[in-house]
J.: 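Before anything else, here's the structure in question.
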Amino acid sequence: MRKISDFYLFFLNFVLVLLITGTSHAQEKELSQQAQISILTCGPGAELYSSFGHNAIRVEDPIKGKDEIYNYGTFNFNTPNFYYKFASGKLLYSLSVSDFKRFIYTYDLENRWVKEQILNLQQEEKEALYQFLQRNRLPENRDYKYDFLFDNCATKLPEVLKDVLQDRLHFSTDQITTHFTFRDLIHQNLYYNTWSSFGIDLALGSVIDREAQPLEYMFLPNYVRLQFDNSTLDKQAFVTKSKDILVYPETKNKTFFFLSPLFWLLLLFIATCLITYKDYQRKSRNRWFDFSLFLITGFAGLLIFFLWFLTDHSSTANNYNIFWALPFNFFVGFLLLKQKAITLWLRPYLIIAIVLIFIVLVLWISSIQVFSPLTSILLALLTIRYSYLYRFYTNKKAKTL
């Protein structure tokens, strides 16, 4: 009887293993033979965050009723301390899944083009990629630390495909014949006379002025599309078909001139020249103008200092804009607001400030850091005002208004 009982238990375990194996095998086959996986590339939008376009993965299976978008470019506005984490580079981005029609509807409303590349994948490769995405979408796996240049919604796609397809996927770089820096590539999507372009050149440091390697171009969505068109899987074309889903003309966002940084900086330059000339004639100093000028440049310097030293952003390091936007100006401005500013240290401070401006010019000419063309206006007006203030505090008969 004991042998019969043991045999019975063995038989039940054997059946149970078969059922479990069969169930897991059935779960693995989640896509039909008609399924296809494609890469979507979306054109730039009007806002700064959308100026560089977007990429996503589409999984379409008409037999299983699937038409899903896998999007690595989402984040949660309800994250605690959202604005601080965003500014300090600590905000986590996530993989989200949405319906294709809802995804396309958004881009249609914004008049942004969308192109699709259908990937040349065998059934087992589609299954492997789909299973990877299913695991990656789990709450414990979906978050990642965003980096503007090296870990974003665009770079995630080649990374994911390489993880699944390994060395069978080959990225040819023969189509890249240019020698652009990261800053050059960024400005391909921006019009120079906008606050967005000026702000980016102010916030990002010299680290983005090195030449980007061909594969590093893929931090921009459109270069991901171009790269996939020039890639192979097992020596076969990686993209079998490309098509337009939404067709809209691509336009760079320009700013109305009277709202542009060029207009306001020219206005500030003219004001600096007129006020300085007037002060020179009167042998005086307009303390409210000096307070404003030092406060603004000092605040810019504090922002640059914060982005360089107190955040996790890789692209804001070694930012030599801090040589003309001196953080100490913020505090000096309040001292200059007084009728009788302390002059013991002020003249050496002004000499140092002028020297640093000339160092900025050397860095610019030597291409160690490329500054915004609009920065030249700021360098000129600061040199004029610093030089006058040095002369003013050298003249004992001068007076403050």
J.: Would you check if there is a donor-acceptor pair between the side chains of Asp201 and His187 at a distance under 3.5 Å?
T.: yes
J.: Would you confirm whether Asn71, through its side chain, and Ser96, through its main-chain N or O, come within 3.5 Å as a donor-acceptor pair?
T.: no
J.: Please check if atom CZ in Phe150 has more than 12 non-hydrogen atoms from other residues, nucleotides or ligands closer than 6.0 Å.
T.: yes
J.: Around atom NZ of Lys241, are there more than 12 heavy atoms of other residues, nucleotides or ligands at under 6.0 Å?
T.: no
J.: Grab the two heavy atoms, one from Asn286 and one from Phe289, that are nearest each other, plus how far apart they are.
T.: OD1-N, 3.0 Å
J.: Nearest 0.5 Å, please: how far is OH in Tyr390 from CG in Leu346?
T.: 11.0 Å
J.: Could you check whether any side-chain heavy atom of Thr316 comes within less than 4.5 Å of a side-chain heavy atom of Ile304, counting everything from C-beta outward?
T.: no
J.: Would you indicate whether the side-chain heavy atoms of Leu129 and Val160 approach each other to under 4.5 Å?
T.: yes
J.: Could you check whether any side-chain heavy atom of His170 comes within less than 4.5 Å of a side-chain heavy atom of Lys235, counting everything from C-beta outward?
T.: no
J.: Give me the atom names and distance for the closest heavy-atom approach of Lys145 to Lys90.
T.: CE-CA, 4.4 Å
J.: For the residue pair Trp308 and Tyr320, does the interplanar ring angle fall in the parallel (under 30°), tilted (30 to 60°) or perpendicular (over 60°) class?
T.: perpendicular
J.: In terms of heavy-atom contacts, does CZ of Arg168 have more than 12 from other residues, nucleotides or ligands at under 6.0 Å?
T.: yes
J.: May I ask you to check whether over 12 heavy atoms, not counting those of Phe309, lie within 6.0 Å of atom CZ?
T.: yes
J.: Is there a side chain to side chain donor-acceptor pair (under 3.5 Å) between Gln175 and Tyr223? Walk through the geometry before answering.
T.: CA-CA 11 Å; Gln175 77 282 3; Tyr223 279 103; over 6 Å; no
J.: Without hydrogens or angle criteria, can the side chains of Ser172 and Asn230 be said to hold a donor-acceptor pair below 3.5 Å?
T.: no
J.: Where does the angle between the aromatic ring planes of His54 and Phe103 fall among parallel (under 30°), tilted (30 to 60°) and perpendicular (over 60°)?
T.: tilted
J.: Heavy-atom distance under 4.5 Å between the side chains of Tyr144 and Tyr72, does that happen here?
T.: yes
J.: Looking only at heavy atoms, what is the nearest atom pair of Cys153 and Leu157, with distance?
T.: O-CD1, 3.2 Å
J.: Enumerate the side-chain hydrogen bond (donor to acceptor under 3.5 Å, both in side chains) contacts for residues 347-365, please, sequence neighbours excluded, ordered by first and then second residue.
T.: Asn329-Tyr349
J.: Just by distance, no angles: are the side chains of Gln34 and Glu60 close enough, under 3.5 Å, to form a donor-acceptor pair?
T.: no
J.: Report yes or no: does Glu216 contribute a side-chain atom to a donor-acceptor pair with the main-chain N or O of Gln213 at less than 3.5 Å?
T.: yes
J.: With a 4.5 Å heavy-atom cut-off, do Thr181 and Val370 have their side chains touching?
T.: no
J.: Does Asn318 reach the main-chain N or O of Val207 with its side chain, forming a donor-acceptor pair under 3.5 Å?
T.: no
J.: Name all residues meeting the side chain to side chain contact (heavy atoms under 4.5 Å, CB included) criterion together with Pro373; count only those two or more places apart in sequence or in a different chain, and write none if there are none.
T.: none
J.: Decide yes or no for Leu310 and Ser88: does some side-chain heavy atom of the first lie under 4.5 Å from some side-chain heavy atom of the second?
T.: no
J.: Can you measure from CD1 (Ile186) to CG (Leu220) and round to the nearest 0.5 angstrom?
T.: 7.5 Å
J.: Quickly, which of Asp290, Asp279, Thr276 forms a side-chain hydrogen bond (donor to acceptor under 3.5 Å, both in side chains) with Arg285? Name it, please.
T.: Asp290
J.: Within the supplied structure, the quantity of interest is the number of heavy atoms (other residues, nucleotides, ligands) at a distance under 6.0 Å from Tyr280 OH; does it exceed 12?
T.: no
J.: Heavy-atom count around Tyr277 OH within 6.0 Å, excluding the residue itself: above 12?
T.: no
J.: Return the minimal non-hydrogen interatomic distance between Asn120 and Glu125, and the atom names on each side.
T.: O-OE1, 4.2 Å
J.: Here's one to test your reading of the geometry: is the NZ or CZ of Lys162 within 45 degrees of the ring axis of Phe171 and under 6.0 Å from its centre?
T.: yes
J.: Please lay out, stage by stage, how Phe323 and Ile357 fare under the test side-chain contact (heavy atoms from CB on, under 4.5 Å).
T.: CA-CA 7 Å; Phe323 284 176; Ile357 287 175; over 6 Å; no
J.: Among Leu119, Val239, Ile118, which one satisfies side-chain contact (heavy atoms from CB on, under 4.5 Å) with Ile39?
T.: Leu119
J.: With heavy-atom distances below 4.5 Å as the criterion, would you say the side chains of Tyr217 and Leu185 are in contact?
T.: yes
J.: In terms of heavy-atom contacts, does CZ of Phe358 have more than 12 from other residues, nucleotides or ligands at under 6.0 Å?
T.: no
J.: May I ask you to decide if Asn55's main-chain N or O and Thr41's side chain share a donor-acceptor pair within less than 3.5 Å?
T.: no
J.: What are the two closest heavy atoms between Ala300 and Ala325, and how far apart are they?
T.: CB-CB, 4.1 Å
J.: Evaluate the side-chain proximity of Val114 to Ile104: yes if any heavy-atom separation is below 4.5 Å, no if none is.
T.: yes
J.: So, is the end of the Arg58 side chain (NZ or CZ) under 6.0 Å from the ring centre of Phe100 and within 45° of the ring's axis?
T.: yes
J.: Treating Asn152 as the side-chain partner and Tyr146 as the backbone partner, does any N or O pair qualify as donor plus acceptor under 3.5 Å?
T.: no
J.: Relative to the ring of Phe75, is the ring of Phe86 parallel (under 30°), tilted (30 to 60°) or perpendicular (over 60°)?
T.: tilted
J.: Is the closest side-chain donor-acceptor distance between Asp229 and Gln117 under 3.5 Å?
T.: yes
J.: Which atom names give the shortest non-hydrogen contact between Lys338 and Arg287, and what distance separates them?
T.: O-CD, 4.2 Å
J.: Using only atom types and a distance under 3.5 Å, with no angle test, would you say the side chain of Glu127 pairs donor to acceptor with the backbone of Leu31?
T.: yes
J.: For Thr79 and Phe82, indicate whether the former's side chain and the latter's backbone hold a donor-acceptor pair under 3.5 Å.
T.: no
J.: Quick one about Ser51 and Asn189 (side-chain donor to acceptor, distance below 3.5 Å, no hydrogens or angles considered), yes or no?
T.: no
J.: Could you tell me if the ring centre of Phe330 sits under 6.0 Å from that of Phe334?
T.: yes
J.: Scan Tyr386, Phe331, Trp288, Phe328 and name whichever one has a ring-ring contact (aromatic ring centres under 6.0 Å, His included) with Phe294.
T.: Tyr386
J.: Rounded at 0.5 Å granularity, tell me how far CG in Leu265 sits from CD1 in Ile270.
T.: 11.0 Å
J.: Look at atom CZ of Phe299 and say whether more than 12 heavy atoms of other residues, nucleotides or ligands are closer to it than 6.0 Å.
T.: no
